[in-house]
Amino acid sequence: MSFPRRQQEKTMRVRFAPSPTGFLHIGNARTAICNFVIAKKFDATLVLRVEDTDMERSTRESEISILNDLKWLGIEWNEGPDIGGDYGPYRQSDRFDIYREYTDRLLRSGNAYHCYCSPEDLDAMRADAAEQNRPFAYPGKCRNLSDADKKRFEAEGRTPTVRFRVPDGETIVVNDLIKGRVVFGSENIGGDFIIVRSDGTPIYNYIVIIDDALMKITHVIRGEDHLPNTPKQVLISRALGLPEPEYAHLALVLGPDRSKLSKRHGITSVEMYRREGYLPDALFNYLAMLGWAAESGEEILSPDRIAREIQIGNLAKSAAIFDFQKLKWMNGMYIRSYPLSAITDLFIPYLRDAGYPVDSMDRGWLERVIDLVRGNCEVLSDIAGHAAMFMNDIVEPDADAVAMLRDDDSKKIIDEAYRLIRSELTADNFASELVGKIKASTSLKGKKLFMPVRAILTGSQHGPELDQAIPLIGFERCKKRIEYIYEKSR
RNA sequence: GUCCCCGUCGUCUAGGGGUCGAGGACACCGGGUUUUCAUCCCGGCAACAGGGGUUCGAAUCCCCUCGGGGAUGCCA
């Protein structure tokens with residue numbers, strides 16, 4: 001199945017349509033990435049549309065943060081609320097007048113009708129259905145209300161919703177680019193559904209198809225949770241005589257418990273990943289690879305490569321569990337392979353947050369430190385711990401180091417180091433001579449030699465290679481640290 | 001309950017009738033490098049949900065069962 005079936009007929013247009021009711025969710029980010037990558041691949045137009053018809057939950061702050069997160073991920077769009085375009089406005093709340101016209105048409109043609117049932121009435125109907133163990137479907141109570149009935153309801157102060165009249169016995173076939181042929185019967189849709197709330201605002205399920213048509217969207221790439229909504233949208237587009245886009249429903253991203261990834265699974269917002277120190281390239285890469293594999297089997301791929309190699313028909317049909325471990329691994333790979341200067345820039349805010357005076361540090365020295373410890377980092381925030389030994393004059397030895405420094409051999413080393421650093425050693429020769437001279441005068445070697453030295457100088461038994469760490473710590477600091485431990489050991 | 005989707009190692013996946021005694025990656029477990037840790041390298045563990053067909057031959061096609069997920073909102 002070649003993806004852009006219509007590419008020859010018209011230019012391809014795809015869209016990402018977030019609802020600004022919170023942070024950008026990892027699952028939605030993946031949908032955005034798929035749209036972006038497919039758009040890139042086929043040189044299509046990517047439209048960003050904000051679906052903010054739920055006035056109760058939608059906020060402008062959320063929209064701003066979602067747009068920011070998308071940009072951070074490296075996703076760019078060609079039309080959207082922030083940049084405009086020929087098919088705007090791109091915020092549904094700015095398009096209510098447009099939808100009203102379509103609603104009028106539906107009402108006039110008899111494809112929709114006013115419904116005066118209250119939420120309470122509906123709850124009761126649903127409860128009845130549940131009690132009798134039958135599926136709930138709106139029974140069409142208000143389908144054929146007389147003018148007198150309507151007058152009576154309005155006199156009671158009821159404000160109607162608008163329901164779409166679902167035709168009987170109709171078959172809706174969705175030829176999904178990922179799932180294949182999916183068939184729905186109109187009798188299974190759940191009865192006439194609401195398309196306009198009693199406050200006059202339209203429902204997503206209804207206007208999505210209008211906007212897609214008006215914005216000339218050719219391919220709708222979205223989450224699989226929208227698949228059951230699709231027949232409703234198809235029915236509306238038929239009633240309105242609107243063109244139907246191609247559909248590609250992406251398998252969902254699941255949490256470790258196999259349910260749709262949500263807040264209770266922990267970190268699910270892109271924003272939190274950014275804060276923790278995940279690189280946008282890594283998150284992008286990981287999300288794109290969730291449910292897809294390159295032919296070569298390679299996993300670390302640039303957006304360009306992904307765009308080049310991705311095939312909509314190759315996207316997995318089955319849901320994928322979000323694997324934090326693998327994301328971490330991938331992030332570590334990016335941290336290790338980034339150009340040193342670039343990764344240093346990314347690490348700096350985390351060092352600053354940890355309280356280290358990065359702004360007064362020598363850049364060249366900082367880069368050498370980072371190069372030495374980046375291999376230990378899976379996320380940027382790991383740097384604070386691993387670079388700590390280079391950040392201050394004195395490092396307080398940890399419990400293990402303290403314990404080890406108590407034995408007699410260690411004491412010999414402490415004394416000898418103290419003597420050396422205050423006599424024979426200078427800033428020029430200490431780095432190359434310190435360990436050797438201690439070895440010569442104590443005749444200790446191997447672990448017995450290196451570990452105490454390491455503990456004195458770094459406060460820990462673990463860390464980067466000593467011979468590289470020592471010159472970076474520097475003469476003055478080494479001296480202070482040796483003196484500090486020496487005093488402590490008295 | 002009903003409708004829809006899905007089922008290959010613990011996880012992400014490759015595979016689409018014979019080349020599969022099922023390949024790669026993460027994780028895990030060994031070993032090497034590092035006199036430490038991490039990196040890096042090498043090796044190992046580990047899967048076609050079950051049952052029926054079709055076929056000379058099925059992980060691959062069909063059916064059923066089971067399992068998982070989604071939808072069933074005056075949310076998107």
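Below, chain A is the first sequence line, B the second, and so on; all start at residue 1.
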Same-atom distance (P) from rG18(B) to rU60(B), integer angstrom: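 The answer is 11 Å between these two P atoms.
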
When the C1' atoms of rG24(B) and rA47(B) are considered, how many whole Å apart are they? 14 Å

For a quick test of reading the model, state the closest non-hydrogen atom pair linking E51(A) to S58(A) and the distance between them. O-OG, 4.4 Å

Please compare S259(A) and R163(A) by the position of their nearest nucleotide in RNA chain B and report the one closer to 5'.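 Checking each residue's closest nucleotide, the 5'-ward one belongs to S259(A).
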
Roughly how many Å is it from [atom1] in [X] to [atom2] in [N], rounded to a whole number?
X: K179(A); N: rC6(B); atom1: NZ; atom2: C1'; value: 6 Å
X: H386(A); N: rC37(B); atom1: NE2; atom2: P; value: 13 Å
X: L315(A); N: rA14(B); atom1: CG; atom2: P; value: 10 Å

Does the side chain of Y286(A) reach to within under 4.5 Å of the side chain of K326(A), using non-hydrogen atoms? yes

Look at the side chain of R454(A) against the base of rU36(B) and say whether a donor-acceptor pair falls under 3.5 Å; ignore hydrogens and angles.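 Result: at least one qualifying N/O pair found.
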
Has the side chain of K326(A) got a donor or acceptor atom sitting under 3.5 Å from an opposite partner on the base of rA27(B)? no

Touch class at under 4.0 angstrom, heavy-atom based, for K328(A) against every strand present: nothing

Select base, sugar-phosphate, or nothing to describe what E465(A) touches, counting heavy atoms under 4.0 Å on all strands.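 The answer is base, as E465(A) lies within the cut-off (heavy atoms under 4.0 Å) of a base atom.
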
